2 protein chains.
Amino acid sequence: MSPRRSVADTLETRQRILDRSLAIASAEGLEGLTIGRLATELGMSKAGLLGHFGTKEALQLAVVDQAAEVFLREVPRKVKQMPSGLPRLIDVCEAWVSYLEREVLPGGCFFTAATAEFDGRSGRVRDALAGMNALWRRDLRIHIRRAVSDGDLKPDTDVEQLIYEILGVMLALNHFLQLEHDSAAPRRARQALKRLLTK
Amino acid sequence: MSPRRSVADTLETRQRILDRSLAIASAEGLEGLTIGRLATELGMSKAGLLGHFGTKEALQLAVVDQAAEVFLREVPRKVKQMPSGLPRLIDVCEAWVSYLEREVLPGGCFFTAATAEFDGRSGRVRDALAGMNALWRRDLRIHIRRAVSDGDLKPDTDVEQLIYEILGVMLALNHFLQLEHDSAAPRRARQALKRLLTK
DNA sequence: CCTACCGATCGGTAGG
DNA sequence: CCTACCGATCGGTAGG
């Protein structure tokens, strides 16, 4: 008789599903990710695939986690782990621009696309996306506050305003890259950031 | 025998379809707009509805036009038609912020949502969205150039950079309003614009 | 503008 | 992990 799949095999299959799901979802949206299509592309049955997650919503939530994992690997964990503060913030923003510029995921930033897709809905997927956004802003907030107390940003810096403007630069970068394929956009992003992050 | 519907009635029905379509599409996306759902909400048959447009893609293109019509009515045509230049640019940006702040459409800016949804695809809907974006940037470009030649913006102003940054402010505004329901976002947008549009 | 219908695909389940 | 199936819905058409 054929042996059961090992736990390692099961996890590997699950990871294969997630990797492909993230690629599809970042290019065509979390709803464009359908069970049937995903199963066909992976060469497995819908039932076999769904067995790993249970429902489509559970799959979507797992994809959100996977997207966060990729972003964290490519941006904050990629920069030198120097103490929080302005140099770290500058490095993080540069890694962020580079992440979008290199098109690590087809279709650009998964979170930008998924947030725009789900922000008008309710439910666990929307809440998960909002939570990830909040966590990331928290990171930025910590760096900015440190930069201010270090004297590297003006003492009257409006922290939330700066977070708002940094996010605007990144949203515009994603927009110009994805819709216009504008190769000048990363330069524009870097210039805008330079002005924002200079005392 | 019952009389044929008049041309005026037909146009009125078409407009009813478009108004409802735009509301659905801006809240849930241009793909979330399905013929069956739209027909149910409007109390008509799918066939009767499709007769006005022919295909779903043609309906989507008509919705893009309708969204442009609403945006043009609410933003550039709403401000005093003073000569192009910095005062006009400031008025236009304020009308733009106000348009998003008042949530004229459920789900915020139709173009932001639709662009994020279609930027990874190909076809006529994507092209129409890209065209509308380009037309609007052209408007902004004209105002900025005039402001520079009027001496109201610095002579070394990087026009495309400024367009990039204004768009970033608006994308961030839509993001914070829709995902976070952050009532401070319009104030942040106005502050960012004030800095961008001061010599 | 309608009824009646088409094949395809959706998410999901039963049972193994 | 599979086959075989479910009801619902998709965009669209025939015919009136």
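So you know, we letter chains A, B, ... as the sequences are listed, proteins then strands, and number each from 1. Since the model is a prediction, treat every value here as computed from it, not as a measurement. Computed from heavy atoms alone, side chains included, the values below leave out hydrogens, waters and symmetry copies.
- A sub-4.0 Å separation between OP1 or OP2 of C:dG11 and a side-chain N or O of A:T55 is absent.
- Remark: P of D:dT9 and CD of B:E31 are 18 Å apart, rounded to the nearest angstrom.
- With a cut-off of 3.5 Å on both Watson-Crick or G-U wobble distances, the partner of C:dA14 is given as D:dT3.
- Cluster membership check: A:L179 does not share its hydrophobic cluster with B:V64, using side-chain heavy-atom separations under 4.5 Å among Ile, Leu, Val, Met, Phe, Trp and Tyr.
- Atom-to-atom, CG of A:L50 to P of D:dC6 comes out at 18 Å; the value is rounded to the nearest Å.
- Here D:dG11 is the nucleotide among C:dC2, D:dG11, D:dC2 with the atom lying nearest to any side-chain atom of B:I35.
- No engagement by B:G51 is indicated, since no non-hydrogen atom pair under 4.0 Å with the nucleic acid exists.
- Atom CD in B:E12 sits about 15 Å away from atom C1' in C:dC1, given to the nearest Å.
- With C:dC10, C:dC2, C:dC1 as the choices, the nucleotide that has an atom nearest any side-chain atom of B:S45 turns out to be C:dC2.
- For A:T34, the listed nucleotide lying nearest its side chain is C:dG11; candidates were D:dG11, C:dG11, C:dG12.
- Put simply, NZ on B:K46 is 13 Å from P on C:dC6, counting in whole angstrom units.
- The OG atom of B:S26 sits 11.0 Å away from atom CZ of B:F111, with the distance rounded to the nearest 0.5 Å.
- Side-chain atoms of B:A47 lie closest to D:dT13 of the nucleotides D:dT3, D:dT13, C:dC1.
- If you measure from atom CZ of A:F53 to atom P of C:dG11, you get 14 Å, rounded to the nearest angstrom.
- Distance, A:R37 CZ to C:dG12 C1': 20 Å, rounded to whole Å.
- If you measure from atom NZ of B:K56 to atom P of D:dC10, you get 9 Å, rounded to the nearest angstrom.
- A residue-by-residue look at B:G43 and A:L33 shows that B:G43 has its nearest nucleotide of DNA chain C further toward the 5' end.
- Between the side chain of B:Q66 and the main chain of B:L18, no donor-acceptor pair closer than 3.5 Å is present.
- Two residues are said to be in side-chain contact when any heavy atoms from C-beta on lie closer than 4.5 Å; A:R124 and A:Q60 fail this criterion.
- Classification of B:R190 and B:E101 as a salt-bridged pair holds, one side-chain N sitting under 4.0 Å from a carboxylate O.
- Counting to the nearest Å, the P atom of D:dC10 and the CG atom of B:L59 are 13 Å from each other.
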